[in-house]
Q: 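Got a structure here, written out as C-alpha cells. Questions coming.
Being a predicted model, the structure only gives us computed values, none of them experimental.
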Amino acid sequence: MLEVDQVRAAADIVKIVGDYVKLRRAGANYVGLCPFHQEKTPSFAVHPVKQIFHCFGCGKGGDVFKFVMEIDNLPFPEALRRVAEKVGVRIEERAGGHTYDSNTKLRVSLLKLHEVAAKFFASQLGATAEGRLARAYLADRGLTDAEVGGFRFGYAPGDGQGLVRHLEGGDFDKETLEKSGLIIFDAERQRTYDRFRRRIIFPISNDSGKAVAFAGRALGEEQPKYLNSPETSIYTKSRVLYHLDRAAQAIRKLDYAILVEGYMDCIAVATSGIENVVASCGTSLTEGQIRLLGRYTRRVVVNYDPDSAGQAATERSLGLLLEAGFEAKVLALPGGLDPDSFVRKQGAAAYGELLKSAPSYLDYLTERAAQTHDQRTPEGKVAAANAVLPYLIKVPNPLLRAELAGRLAERLRVDERLLRDELRRAAGEKRAEVQVREETATAQASHAIKQLLRACLTSEEIADAVLPEIVDSGVTRGLPGDSVFTLLRDARKRREAVDVTSAEADIPEAERKLAIEALFWEGDAPRLDVARGLVRKLQLEKVRSGLEDLNRQYQAAVEANDWEKAREIDRARRRLQFDRLKAEIEKIVREYDEAAMVGDGVRVQELGRVKSSLDKELERLGRP
C-alpha cells in the first residue's frame, strides 16, 4: 500500500477536522461553522463514512488531505506529513522523489533547524555563567524549573558565535542557515554571526507545537527590548498566536480565549493556572490571527496593557473581532498594571475574580466615552455616542446591532429611536463612521415614559394594572414623570379623580408640562400589553443603571486592594446581572412568539440566535 493510502486509511476526518472546527452531530454527518468564510449558521459538513468535507456556503470540499492543505495553507507533501504525524504513521523522507519539492524540502529543513536551535538555546541556561544569570533572572520573575522547561526558555550567548558554531557542525546547508533568519551573513566582512545575542529566548510555536521562530528579550539596556525572528517560509507573524499550541484544549473546553499583548503577560497568566490565554506576539491583532483563533472559539476577553498604546490596541482589536462575528469582553486591570505585573503582585485569585466580571466591549467602550465626555451636556452625550457607534456598525447581525444600540441609548440617556435610525442608515450606506446629531441627545430617552403617561392618563384599566408596579418598584424614581405616576396611583387608590394637567395639581411645573405633552403624543391607542412591556423596559434600564454603579464601586474596591468588599460587591453585581439576563430573555421570547404568530421567519431566526447567545451568557454566569 502506498504511503498516501496508509495515512488515509489511518486518518479519521472527523477527528482531524475537529482539531480546527467545533463539530456537532447532525444525523449521519457532523456540522460546524465553516473555517474558510464568515458565517453565523453552520453550512460546513463532514461525512464520516465517505471521509469527506463540504461547505454549502463557499463550496470548498474534499478529503482529509485537501482540508489540511486549505486550512494550514500547505502543499500536498506537507499536508500528507502533517496528517501522518497526527495519526502516528511514519512516512519516508525522500528529498529527490515525489514526496518533497524544493519549497517543501526547505520548510522541512527549517523546522528541523528551529528544533535544533531551540534545544541549543535551552542548554545554554545552565551551561555558562551568563546563562546561569539568565536563569536567575527568570527565577526572580517567579518561574520554576518545570515552567522554564515547559515553555522551553533558552539563552543566546553574548559572543554572537554560539549558534553559528552549533549549526555549522550539523547537516544544514548555507541556504537553509541564511533563510532561517537566525544567522546573519556579513558579506562585506566575510563573516557570520547570531541574530540573537545576550538575550533570553522565547520559542514561538505554530498551532501544531513546532518551533517556527524565536523572540529574544535583552538582559541589559540593549535596544530593542524584544527582538523577533524575521518572517520565513515557516513563519508569518500575522498568522501565529503565542501559546496557542498549549492553550487550544483549554480554549475549546471553556469556549473563550484571553488575549494579551506580551510573551511574559501570557506566561504569567498561564502559569497562574489560567491556561486559555494567547498573545499576539508583540504585534497588533490581525485578521489572520483572528481566523486562527476562530477555529477554537468565537469568544474573547481582551486584556491588553492599560496604557494609552494598550487602549488604542484594544480598540483596534475590538473592531476586527466584531467584524469577524466574535463576542468580545475587555479586562482593564487596575493600578496601571499589565497582566504579568498584576498576577505577580496580586495573585492568580485576584486576576480570576476580575476576569469573571470583565465587562462586555460595549460597556467598556461606553464607560470610557462617558468618562471622556461631559454627560451633563447634549454635546458631551453626542460625542460619547459617536465614539462608540463605529464599533456597533461592525456587528454583522442587524438585530443584535439594534439591541446594542438600545443599551447604548439607555446608558447615555439619548433618544434610542434616532440612534437606531442613524445606525440603520450607516449600515445601508456601508459607512464606517456614524455621526449622531445633537437632537438625539436633547430629545432624551423619555419615549417610554411619555407612552406610559399617555396610557395611564387615558385608560383606567391600564392605570389600575400598571401604576402599583411602577410606583411600588421605584422604577421611575429619579426620572421625569415620577411625581405624575405617584399622584395618579394615590388618586386611584382613593378612587378620586385628578387632573394632572391643571395648574392646581400638586406636582412640579415641569412634570405638569410633561403630562400635557404625553397626552399629545402620537401613536396607536394605548394597549395593556404594550404598557406592561414599557414597564419591563424601564425595570431593565434600572437594573443596568444599578450595574454601572456597582461596576464603579467594584473598580474602586479593587484599586484600594479591599478584596473582601470587592467580593461582596461582585456577588451583588452577579445577582443584578442574572436578573438583567432573565428579563432580556423574557423580552426576546415575547418578541419571538409575536414574530412566529405573524409568520416572520427571518425575525424568528434572528431572535432565536440572540436568545441562544443570552442563554449561553446566563449559563456561564450561573445562579448567584
Q: Hey, can you tell me if Phe151 and Phe153 have their rings parallel, tilted or perpendicular (30° and 60° cut-offs)?
A: tilted

Q: Using 4.0 Å as the upper bound for N to carboxylate O, is an ion pair formed by Glu85 and Arg81?
A: yes

Q: Hey, are the side chains of Ser229 and Arg195 touching, using non-hydrogen atoms and a 4.5 Å cut-off?
A: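 No. Closest side-chain heavy atoms not under 4.5 Å.
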
Q: When rounded to the nearest 0.5 angstrom, what is the spacing between CD1 in Ile13 and NZ in Lys50?
A: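 Between atom CD1 of Ile13 and atom NZ of Lys50 there are 12.5 Å.
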
Q: Any side-chain to backbone donor/acceptor pair from Arg141 onto Asp340? Under 3.5 Å, distance only.
A: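 No.
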
Q: Does a side-chain heavy-atom distance below 4.5 Å link Val7 with Phe65?
A: yes

Q: Find the distance between CG (Asn276) and CG (Leu244) and round it off to the nearest 0.5 Å.
A: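 Between atom CG of Asn276 and atom CG of Leu244 there are 11.5 Å.
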
Q: With sequence neighbours excluded, tell me which residues meet ring-ring contact (aromatic ring centres under 6.0 Å, His included) with Tyr296.
A: none

Q: Under a 4.0 Å threshold between the charged nitrogen and the carboxylate oxygen, would Asp363 count as salt-bridged to Lys329?
A: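 Looking at Lys329 and Asp363, the cut-off is not met.
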
Q: Can you classify the ring geometry of Phe196 versus Phe214 as parallel (below 30°), tilted (30 to 60°) or perpendicular (above 60°)?
A: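 Because their plane-to-plane angle is over 60°, the rings of Phe196 and Phe214 count as perpendicular.
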
Q: Going from CD on Glu261 to CG on Asn303, what distance comes out if it is rounded to the nearest 0.5 angstrom?
A: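 So the gap between those two atoms works out to 9.0 Å.
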
Q: Measure from the side-chain N and O atoms of Ser109 to the backbone N and O of Lys105, and report whether any donor-acceptor pair falls under 3.5 Å.
A: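 Here the side-chain-to-backbone pair exists.
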
Q: Start with the C-alpha distance between Tyr364 and Val302, add both sets of side-chain angles, then the distance that settles side-chain contact (heavy atoms from CB on, under 4.5 Å), and finish with yes or no.
A: CA-CA 11 Å; Tyr364 166 80; Val302 181; over 6 Å; no

Q: Sequence neighbours left out, what passes salt bridge (charged side-chain N to carboxylate O under 4.0 Å, His left out) with Lys119? Give chain and number order.
A: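 Listed in chain order: nothing, the list is empty.
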
Q: Give me each pair satisfying ring pair (Phe, Tyr, Trp, His ring centres under 6.0 Å) with a member in residues 15-34, each pair once, sequence neighbours excluded.
A: Tyr20-Phe67

Q: Got Phe342 and Asp265 here, is their nearest side-chain heavy-atom distance under 4.5 Å?
A: no

Q: Rounded at 0.5 Å granularity, tell me how far CD in Glu115 sits from OG in Ser205.
A: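 If I round to the nearest 0.5 Å, the distance is 8.5 Å.
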
Q: Measure across Ser238 and Thr286 and return the closest heavy-atom pair with its distance rounded to 0.1 Å.
A: O-OG1, 2.6 Å

Q: Apply salt bridge (Lys or Arg N to Asp or Glu O under 4.0 Å) to the pair Lys60 and Glu70, showing each step before the final yes or no.
A: CA-CA 9 Å; Lys60 289 188 182 294; Glu70 292 282 356; 3.4 Å; yes

Q: Quick check: closest heavy atoms across Val260 and Pro339, and the distance to 0.1 Å?
A: CG1-CG, 4.0 Å

Q: Is there a donor-acceptor pair closer than 3.5 Å between any side-chain N or O of Thr366 and the backbone N or O of Leu362?
A: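 Between the backbone of Leu362 and the side chain of Thr366 there is a qualifying donor-acceptor contact (under 3.5 Å).
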
Q: Apply salt bridge (charged side-chain N to carboxylate O under 4.0 Å, His left out) to Asp245 and list each qualifying residue two or more places apart in sequence or on a separate chain.
A: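 Partners of Asp245 under the salt bridge (charged side-chain N to carboxylate O under 4.0 Å, His left out) test: none.
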
Q: Shortest non-hydrogen contact from His114 to Ala213?
A: CD2-N, 3.6 Å

Q: Distance-only, no hydrogens or angles: does the Thr297 side chain make a donor-acceptor pair with backbone N or O of Arg299 under 3.5 Å?
A: yes

Q: Would Gln51 and Arg8 count as having a side-chain donor-acceptor pair, cut-off 3.5 Å?
A: no

Q: Determine whether Leu322 and Tyr391 make a side-chain contact, defined as any pair of heavy atoms from C-beta on separated by less than 4.5 Å.
A: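 Yes - at least one pair of side-chain heavy atoms lies under 4.5 Å apart.
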
Q: Could you check whether any side-chain heavy atom of Tyr304 comes within less than 4.5 Å of a side-chain heavy atom of Asp338, counting everything from C-beta outward?
A: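 Sidechains of Asp338 and Tyr304: no contact.
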
Q: Go through it in stages, so that I can follow the logic: the residues are Arg295 and Asp207, the test is salt bridge (Lys or Arg N to Asp or Glu O under 4.0 Å), and I'd like the CA-CA distance, side-chain angles, deciding distance and then a yes or no.
A: CA-CA 11 Å; Arg295 299 177 189 173; Asp207 53 311; 3.2 Å; yes

Q: In terms of side-chain geometry, is the basic nitrogen of Arg239 or Glu287 positioned less than 4.0 Å from the acidic oxygen of its partner?
A: no

Q: How long is the span from the CG atom in Leu321 to the CD atom in Glu327, to the nearest 0.5 Å?
A: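 It comes to 11.5 Å.
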
Q: Do you know which two heavy atoms are closest between Tyr242 and Pro203, and how far apart they sit?
A: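 The answer is CE1-O, 3.4 Å.
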
Q: Not counting sequence neighbours, which residues clear salt bridge (charged side-chain N to carboxylate O under 4.0 Å, His left out) with Glu367? List them please.
A: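 Per chain and number, Glu367 pairs via salt bridge (charged side-chain N to carboxylate O under 4.0 Å, His left out) with Arg411, Arg552.
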
Q: Taking all atoms of both residues into account, what is the closest heavy-atom pair of Val14 and Leu23, and its distance?
A: O-CD1, 3.8 Å

Q: Would the Tyr226 and Tyr263 ring centres measure less than 6.0 Å apart?
A: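 Close enough - the centres of the two rings lie under 6.0 Å apart.
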
Q: Between Ile267 and Phe202, is there a side-chain heavy-atom distance shorter than 4.5 Å?
A: yes

Q: Using side-chain heavy atoms (C-beta onward) and a distance below 4.5 Å, is Ser233 in contact with Leu110?
A: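 Side chain of Ser233 against side chain of Leu110, heavy atoms only: contact under 4.5 Å found.
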
Q: Run the salt-bridge test on Glu78 and Arg107 with the 4.0 Å N-O cut-off and return the result as yes or no.
A: yes

Q: Could you tell me whether Glu323 and Lys394 make a salt bridge, using a distance below 4.0 angstrom between a side-chain N and a carboxylate O?
A: yes

Q: Taking atom CD1 of Ile258 and atom CD1 of Ile274, what is their separation to the nearest 0.5 Å?
A: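 Between atom CD1 of Ile258 and atom CD1 of Ile274 there are 5.5 Å.
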
Q: Can you confirm whether Leu365 sits close enough to Glu315 that some side-chain heavy atom of one is under 4.5 Å from a side-chain heavy atom of the other?
A: yes

Q: How far apart are the closest heavy atoms of Ile204 and Tyr235, and which atoms are they?
A: CD1-OH, 4.1 Å

Q: Please check if the number of heavy atoms outside Lys22 that lie under 6.0 Å from its NZ is greater than 12.
A: yes

Q: Strictly below 4.0 Å, N to O, side chains only: are Arg152 and Glu147 in salt-bridge contact?
A: no

Q: Test of understanding: with side-chain hydrogen bond (donor to acceptor under 3.5 Å, both in side chains), list the residues that count as partners of Asp12, not counting sequence neighbours.
A: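 Expected list: none.
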
Q: Let's go through Ile234 and Leu111 carefully: what are the C-alpha distance in whole Å and the side-chain angles of both, what is the deciding distance for side-chain contact (heavy atoms from CB on, under 4.5 Å) to 0.1 Å, and is it a yes or a no?
A: CA-CA 7 Å; Ile234 62 170; Leu111 286 170; 4.0 Å; yes

Q: Would you call Arg298 and Asp255 a salt bridge, using N to O less than 4.0 angstrom?
A: no

